[in-house]
There are 2 protein chains.
Amino acid sequence: MWQRHQHSQCIKEALSKAEQVCIDHQCRLTPIRKKVLELIWKSHKPIKAYDLLAQLSSEDFIEKPPTVYRALEFLIENNLIHRIESQNAYIGCNHDHENLDSKFLICEQCNQVEELSEPKINKTLSEVSKKQGFTPNMVNIEVHGTCSQCAQN
Amino acid sequence: MWQRHQHSQCIKEALSKAEQVCIDHQCRLTPIRKKVLELIWKSHKPIKAYDLLAQLSSEDFIEKPPTVYRALEFLIENNLIHRIESQNAYIGCNHDHENLDSKFLICEQCNQVEELSEPKINKTLSEVSKKQGFTPNMVNIEVHGTCSQCAQN
DNA sequence: CAAATAATGTTATAGTATAACATTGCTTAA
DNA sequence: TTAAGCAATGTTATACTATAACATTATTTG
Ligand SMILES: [Zn+2]
Ligand SMILES: [Zn+2]
Ligand SMILES: [Zn+2]
Ligand SMILES: [Zn+2]
């Protein structure tokens, strides 16, 4: 969480993780992709495509929508970020994903997002899906509510 | 599922359930709201706001965006439909909801959607949330994959 | 009935995302 | 090494999704 860590450190980690992922996946972390990823991590909350666009344009990058949407597409494909569907917004991921699944706790007060990695949820969902004869491919879970910090205030 | 029921029957049921819900909630199922709900049920798959708009306009209703978005808002508030976030689309609900939660199996082949009501999922999610000190308010789960029908083909 | 409230009409615009084609840059194998 | 092929980016235009703001009409209630 924001309050409990050196954020510059966690940006660094995210970027170096990205380098490694790109080596593993044999793809390229180009300057634009890297810059977008960095801006997403700097935000540390879900950030919108057009906000990224605005920030890019103030840093000598080309500021057209396809530029940022392509970068987002790339980062999503490589599980370096996720899209928060209920907000049309994007957030960094520091998890190791086996599958195409993502699970979020979204605080309605502070808009801080926590990604879950609890495998028990997937297990339960799998079981229920199977019962319906359904074969899951990707899962998205978005839980809206109040985080512990905000509950105290 | 589409293949296994008289669809005209299930539209009728949805509309009469809606009447009852509106009595209970002391709100009004106006002609526009009723028409939108009917069109959503006729589709029997997730349908987009502007597709509804097009269908309304061919039936002597006013065809401006706010008209349909207001109807959608009303229907969502009363749990008569849900929004499929990953598709910007809307689908009818014939469940009885205690809470603000919805869980879907979405077939990537036929785009048929099944709503889950399995309470075990909520229970698991609640437990995991609590462990993080998080108080859930509303939950949305969207599982993409292949339905049993499509798996056979 | 009059006042208050709810719902709809209307115009305009904000916000999100992609298509299509041109250009540039990297990779690789003759 | 260099030309061909592919990957990435540039560029223009447009499609798709949703809401703000204010006017008008319909319904409810005292
Ligand atoms: Zn993740
Ligand atoms: Zn919070
Ligand atoms: Zn439902
Ligand atoms: Zn199917």
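First the proteins, then the strands, lettered A, B, ... as listed; each starts at 1. Here the structure is a predicted model, which means the values were calculated and not measured.
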Task: Check: A:Arg83/A:Asn88 side-chain N/O donor and acceptor closer than 3.5 Å - done: yes
Open item on the list: If I compare all heavy atoms of B:Asn79 with all of B:Lys17, which pair ends up nearest, and what's the gap?
Closed with: O-NZ, 4.1 Å
Task: Distance, rounded to the nearest Å, where A:Glu73 contributes CD and D:dA7 contributes C1' - done: 13 Å
Task: Nucleotide D:dT9, atom P - distance to CG of A:Leu75 in whole Å - done: 11 Å
Task: d(CG, B:Leu29; P, C:dA6) in whole Å - done: 18 Å
Open item on the list: For a 4.5 angstrom cut-off between non-hydrogen side-chain atoms, does A:Phe134 reach B:Ser148?
Closed with: no
- [ ] To the nearest Å, give me how far apart NZ (A:Lys48) and C1' (D:dT19) are.
- [x] 12 Å
Task: N/O (side chain, A:Tyr50) to phosphate O (OP1/OP2, D:dT17) under 4.0 Å - done: no
Open item on the list: Can you confirm if the aromatic rings of A:His82 and A:His95 lie within a centre distance of less than 6.0 Å?
Closed with: no
Task: Min side-chain heavy-atom separation A:His44-A:Cys10 under 4.5 Å - done: yes
Open item on the list: Tell me the interatomic distance from B:Leu52, atom CG, to D:dT17, atom C1', rounded to whole angstroms.
Closed with: 13 Å
- [ ] Give me the bend of the helix from C:dC1-D:dG30 to C:dA30-D:dT1, using the axes of the five pairs at each end, rounded to 10°.
- [x] 30°
Task: D:dT17 OP1/OP2 closer than 4.0 Å to side-chain N/O of B:Arg83 - done: no
Task: Within-4.5 Å side-chain heavy-atom neighbours: A:Val139 and A:Leu100 - done: no
Open item on the list: With nearest nucleotide decided by heavy atoms, which residue, B:Asn88 or B:Arg28, maps closer to the 5′ end of DNA chain C?
Closed with: B:Arg28
Could you write out each protein N or O paired with an N or O of nucleotides 9-12 of chain C at a distance under 3.5 Å?
residue : atom : partner : partner atom : Å
C:dG9   : N7   : B:Arg70 : NH1          : 2.9
C:dG9   : O6   : B:Arg70 : NH2          : 2.5

Task: Spacing between A:Phe74 atom CZ and D:dT9 atom P, to the nearest angstrom - done: 9 Å
- [ ] Return the nearest nucleotide to the side chain of A:Tyr69; candidates are C:dT16, C:dC26, D:dA18.
- [x] C:dT16
Open item on the list: Whole angstroms only, please: what is the CG-C1' distance between B:Asn78 and C:dA6?
Closed with: 14 Å
Task: A:Cys107 versus A:Cys147, closest heavy-atom pair with distance - done: SG-N, 3.4 Å
Open item on the list: So, taking the atom named CD in B:Gln112 and the one named CG in B:Leu105, what distance separates them when rounded to the nearest 0.5 Å?
Closed with: 12.0 Å
- [ ] Grab the CG-P distance between B:Leu53 and C:dT8 for me, whole Å please.
- [x] 15 Å
Task: Cationic N near anionic O, under 4.0 Å, A:Lys103 to A:Glu142 - done: no
